[in-house]
Number of protein chains: 2
Amino acid sequence: MAHSPNALMIRKLDSIFSLSDEERQVLGSLPVQVATFKPDRDIVRIGDRPSQSFMVLQGFTCVYKLTAEGKRQIVAFHVPGDLPDLQSLHLKVMDHSVATVSACTLGFIPHEALYDLCNRYPRITAALWRETLVDASIFREWMTGIGRREAYNRMAHLLCELLVRLKAVGVAEDETFDLPVTQTELADAIGASTVHVNRVLQELRADGLIRSRGTQIQILDWDRLKEAGDFDPLYLHLRQDGKA
Amino acid sequence: MAHSPNALMIRKLDSIFSLSDEERQVLGSLPVQVATFKPDRDIVRIGDRPSQSFMVLQGFTCVYKLTAEGKRQIVAFHVPGDLPDLQSLHLKVMDHSVATVSACTLGFIPHEALYDLCNRYPRITAALWRETLVDASIFREWMTGIGRREAYNRMAHLLCELLVRLKAVGVAEDETFDLPVTQTELADAIGASTVHVNRVLQELRADGLIRSRGTQIQILDWDRLKEAGDFDPLYLHLRQDGKA
DNA sequence: CGCTGCTTTGAATTCTGTCAAGACGTGTGG
DNA sequence: CCACACGTCTTGACAGAATTCAAAGCAGCG
């Protein structure tokens, strides 16, 4: 299932602008170093000054921050095809940490190579910039949920988002997907306690919106889940056909 | 007090990279259309497809989203020197709305002019890109607060952030600044109810952390306010000297 | 089979929201 | 110059969402 990192990148950027042959070629020859990580490992830490960014090739990663009290907030999940750490290209010091959630395969690309790329291909710059803007849009949506929606609805919203994003990169089909994320991590993502996430998931099941077996999540009633989550995919800025 | 829009932009970007004379000149000749807005007016709305971005020259603006239930979450405040709507350069459809909070003077710049600029000056592209990344960093910090800190601490955090940001652009000096924002708006920003914001502000006053007279906020005990807010300015990505 | 980590339950507590009403302040109009 | 109106701020009482603490099931894995 592990795509070639370069192929994944090309596919991603190509879906935004139609890349020229030259652009494809340059992207194809980017030096990418592939590495695997176990679940729950920090990839970059707050305070670090990374000299490379990476693309998720397999698995789930998350971006998180800790409060002084030691509470954790996950501010983003990233799935195959995402570039969770692009911002380190222009913000030298990490203001957050990035970690694996499941076991992951990652493709690291030196900043140098990206700078070079950006200097020569403004359209690729724009595409990468756009990626970071979509991330920011998702932050806004999550913040709105955490600030103004109840836990039940936030959970529904998160499940909607994940299904749509996973479908967009072809990692999910139909209404089922693998969610290798513990309830504690879900809690950190929606800003609730583990106990409460547990109860909210039970409610979603009882209401017939979802079903789960192990880490598999099945959406039983997409329309009602969408409504419960107040989910409108506009903020994901996907193309009309729902592809990334 | 209204700076020339171009001068403000040059100053901002110059503080990130030292601009060359040519870059200064190009920025100085950007076509900027200045307009004034009354308080509480939408500047761009969700669903719009703007053909220009703008810089705040005077006043406060906010970025907000509404839930299906009609609740509002303010996800960002913007102050003079900020470019609240830069992302519309690459994300065609607005996923949120932007509005004035106080009366504002804004400088609009056509996207066309910005595209042109970016195609010719990669360093300016990088500086603008960086602006949007700092916005995203602030989203992450706010999300962490809303998800994991209590209202009292979020309020303290917000006041810390505003003081630092206003100082960075020279709109605040010492420990006092003008906050032309109602308690309802503060509530929408920290994800709390108006009533609760009122009580939290009273607590902050009672604890001797702040004082307020009208819209003027005075920080009485910066160290304790910082601690209460769990505030570390790292995420603002300012230069060492605290300038924007 | 026994860890270890994750999920599930129950009960008590606390933070925060909602509702409703009154106080305050400023600008307008008579 | 005073009365009035409107928006904002402030208070009190109550309800509800969600947290915390604690303990008991479960499941996968060596």
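Keep in mind that what you see is a predicted model, and the values were worked out from it rather than measured. Within every chain, numbering begins at 1; the chains are lettered A, B, ... in the order of the sequence lines, protein sequences first and strands thereafter.
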Between [atom2] on [N] and [atom1] on [X], what's the gap in Å once rounded to a whole number?
{"X": "B:L201", "N": "D:dT11", "atom1": "CG", "atom2": "P", "result": "12 Å"}
{"X": "B:I190", "N": "C:dC15", "atom1": "CD1", "atom2": "P", "result": "15 Å"}
{"X": "A:M155", "N": "D:dA18", "atom1": "CE", "atom2": "P", "result": "13 Å"}
{"X": "A:N198", "N": "D:dA22", "atom1": "CG", "atom2": "C1'", "result": "15 Å"}
{"X": "B:I146", "N": "C:dG17", "atom1": "CD1", "atom2": "P", "result": "11 Å"}
{"X": "A:K71", "N": "D:dT19", "atom1": "NZ", "atom2": "C1'", "result": "8 Å"}
{"X": "B:D188", "N": "D:dT8", "atom1": "CG", "atom2": "C1'", "result": "14 Å"}
{"X": "B:E203", "N": "C:dT16", "atom1": "CD", "atom2": "C1'", "result": "12 Å"}

Legend entry - Minimum heavy-atom distance B:F139-A:A136, with the two atoms named: CD1-O, 3.8 Å
Could you check whether [X] gets within reach of a base, just the sugar-phosphate, or nothing at all, counting any heavy atom under 4.0 Å?
{"X": "B:R213", "value": "nothing"}
{"X": "B:S193", "value": "base"}
{"X": "A:R205", "value": "sugar-phosphate"}
{"X": "B:G214", "value": "nothing"}

Inset, instruction - Could you check whether the rings of B:W142 and B:F77 sit parallel, tilted or perpendicular, using 30° and 60° as the cut-offs? - result: perpendicular
Closest approach to the side chain of [X], judged atom by atom: which nucleotide of [options] is it?
{"X": "A:V195", "options": "C:dG10, D:dA18, D:dC9", "answer": "C:dG10"}
{"X": "B:E150", "options": "D:dC9, C:dC15, D:dT10", "answer": "C:dC15"}
{"X": "A:Q183", "options": "D:dC9, C:dT16, C:dT7", "answer": "C:dT7"}

Inset, instruction - Inspect the surroundings of CD in A:Q33 and state if more than 12 heavy atoms from other residues, nucleotides or ligands are less than 6.0 Å away. - result: no
Inset, instruction - Kindly check if the number of other-residue, nucleotide or ligand heavy atoms within 6.0 Å of CZ (B:R41) is above 12? - result: yes
Inset, instruction - Would you check, one step at a time, whether the test salt bridge (Lys or Arg N to Asp or Glu O under 4.0 Å) holds for B:R211 with B:E175? - result: CA-CA 10 Å; B:R211 190 156 60 178; B:E175 260 52 57; over 6 Å; no
Inset, instruction - Could you say whether A:R199 or A:V181 is positioned toward the 5' end of DNA chain C, judged by the nucleotide with the nearest heavy atom to each? - result: A:V181
Inset, instruction - Select from A:R148 and A:T194 the residue whose nearest nucleotide in DNA chain C is closer to the 5' end of that strand. - result: A:T194
Inset, instruction - Examine D:dT11: is either OP1 or OP2 under 4.0 Å from a nitrogen or oxygen in the side chain of B:Q202? Give yes or no. - result: yes
Inset, instruction - For B:D40 and for B:G147, find the nucleotide of DNA chain D with the closest heavy atom, then tell me which residue's nucleotide is more 5'. - result: B:D40
